Amino acid sequence: MPDTLARRLGYSFRDPELLNRALTHAGANAARSNERLEFLGDRVLALVVSETLYRRYQEEDEGALTRRVHSLVRWEACAKVGEAIGLWDHLILTRSEAVGGRARGPIVGSACEAVIAALYLDGGMDAARAFIERWWEPMFADPSADTRDAKTRLQEWAQGRGRDAGAPVYTLKDQAGPDHAPRFVVEVRVSGFDPATGEGGSKRQAEQDAAARLLSLVGQ
């Protein structure tokens with residue numbers, strides 16, 4: 001494992017193959033991909049985030065805590081952390097994926113979840129928790145953070161512009177790739193504005209990506 005990545009993870013793996021698998025996208029090696037680790041890492045992340053928020057925000061009710069959890073475990077938050085630790089440079093990808101493009105965010109986010117699972121399997125919950133608490137700290141500490149997902153924010157922004165804007169309309173433009181690594185492309189339109197296109201490993205993920213991109217285009 002490169003020294004820079006080791007320092008940012010704050011952990012030295014006893015079984016380096018676990019990390020190697022966490023960094024391997026399904027398109028590059030379906031048999032040794034990070035998909036199963038991603039599944040586990042999502043659950044480990046949700047538990048640590050839920051536990052941390054439960055302790056920090058003792059005055060908030062279940063609904064408020066649930067919104068915070070959703071905002072901190074979705075792929076956008078994972079991608080933000082993945083970019084901060086330079087994960088992209090260490091991923092094992094196909095040549096086309098390595099170009100980056102619109103799918104970079106979901107790929108990095110998924111790999112970050114897989115890395116959390118690798119930490120958990122190699123070093124137990126303490127290793128996973130230390131990583132999450134270190135890199136999610138800015139998001140934990142910001143009580144004013146917008147906990148709505150991108151689709152919800154776009155919906156509310158469009159509604160706030162009055163009847164003429166209408167609701168966002170999502171259209172599936174393309175679906176490609178093998179069953180183990182599908183790729184969805186979705187376009188979102190709001191009347192009176194240029195459309196935006198997003199990508200993801202699921203239709204829902206692509207819709208969220210498209211909504212985030214349109215919000216960015218309109219300065220939100």
Side-chain angles (χ1 to χ4, degrees), residues 5 8-9 22-28 33-35 37-39 41-42 44-46 49 68-118 131-132 135-136 138-139 142 145-155 157 168 170-178 180-190 194-220:
L5 185 56
R8 287 169 178 168
L9 294 180
L23 298 174
T24 303
H25 188 263
S33 81
N34 60 11
E35 289 183 329
L37 287 173
E38 177 191 348
F39 165 82
D42 177 69
V44 174
L45 175 61
V49 167
R68 287 189 183 277
V69 169
H70 287 167
S71 73
L72 295 180
V73 303
R74 62 181 186 240
W75 72 262
E76 293 95 337
C78 294
K80 182 177 181 179
V81 171
E83 293 288 1
I85 65 175
L87 203 54
W88 180 262
D89 293 335
H90 302 285
L91 296 183
I92 301 169
L93 306 166
T94 64
R95 184 175 301 177
S96 61
E97 290 161 346
V99 173
R102 291 189 298 267
R104 174 165 171 152
I107 290 175
V108 173
S110 296
C112 187
E113 289 179 330
V115 167
I116 289 171
F131 172 77
I132 295 166
W135 290 100
W136 264 257
M139 292 181 277
D142 184 4
D146 193 338
T147 58
R148 301 166 301 164
D149 65 25
K151 285 186 67 176
T152 300
R153 288 189 289 120
L154 182 61
Q155 175 82 19
W157 174 81
Y170 295 87
T171 305
L172 180 64
K173 303 298 287 187
D174 189 30
Q175 180 178 345
H180 64 266
R183 183 58 47 196
F184 295 81
V185 178
V186 168
E187 179 186 83
V188 62
R189 287 180 174 272
V190 172
D194 292 334
T197 303
E199 292 189 17
S202 68
K203 185 179 178 183
R204 177 183 176 278
Q205 199 174 66
E207 288 175 345
Q208 291 287 354
D209 188 34
R213 290 178 181 280
L214 184 51
L215 285 166
S216 179
L217 287 175
V218 298
Q220 297 297 308

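Residues: numbered from 1 along the sequence shown. As the structure is a computational prediction, the values presented were derived from the model and not from experiment.
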Backbone N/O of [Y] and side chain of [X]: donor-acceptor pair under 3.5 Å:
| X | Y | value |
| --- | --- | --- |
| Ser110 | Ile107 | no |
| Arg183 | Gly200 | yes |
| Trp135 | Arg8 | yes |

Taking only residues two or more places apart in sequence or in another chain, which ones pass side chain to side chain contact (heavy atoms under 4.5 Å, CB included) with [X]?
| X | answer |
| --- | --- |
| Glu187 | Lys173, Arg189, Pro195, Thr197 |
| Ala117 | Leu37, Leu40 |
| Gln208 | Trp75, Glu76, Asp149, Ala150, Lys151, Arg204 |
| Ala111 | Asn34, Leu87, Leu91 |

Any side-chain heavy-atom pair of Val44 and Phe131 under 4.5 Å |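 They are not in contact (no side-chain heavy atoms under 4.5 Å apart), so the answer is no.
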
Would you say Trp157 and Leu214 make side-chain contact, with heavy atoms under 4.5 Å?
->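 Counting from C-beta outward, Trp157 and Leu214 never come under 4.5 Å.
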
Return each pair, listed once, that meets salt bridge (Lys or Arg N to Asp or Glu O under 4.0 Å) where at least one residue sits in residues 81-94; pairs must be two or more places apart or across chains.
->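 Every salt bridge (Lys or Arg N to Asp or Glu O under 4.0 Å) pair that includes a residue of residues 81-94, provided the two are not neighbours, is Glu83-Arg104.
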
Tell me the salt bridge (Lys or Arg N to Asp or Glu O under 4.0 Å) pairs involving residues 105-115, sequence neighbours left out?
->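 Qualifying pairs, neighbours excluded: none.
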
Please give me the minimum heavy-atom distance between [X] and [Y], naming the atom from each residue.
| X | Y | answer |
| --- | --- | --- |
| Cys78 | Leu45 | SG-CD2, 3.5 Å |
| Trp136 | Leu72 | NE1-O, 2.8 Å |
| Ala210 | Ala196 | O-CB, 3.8 Å |
| Gly82 | Cys112 | N-SG, 4.2 Å |
| Val115 | Leu23 | CG2-CD2, 4.2 Å |
| Glu199 | Asp209 | N-OD2, 2.9 Å |

Calculate, to the nearest 0.5 Å, the distance between atoms [atom1] and [atom2] belonging to [X] and [Y] respectively.
| X | Y | atom1 | atom2 | result |
| --- | --- | --- | --- | --- |
| Met139 | Ile132 | CE | CD1 | 10.5 Å |
| Thr24 | His90 | OG1 | NE2 | 13.5 Å |
| Glu38 | Ile116 | CD | CD1 | 11.0 Å |

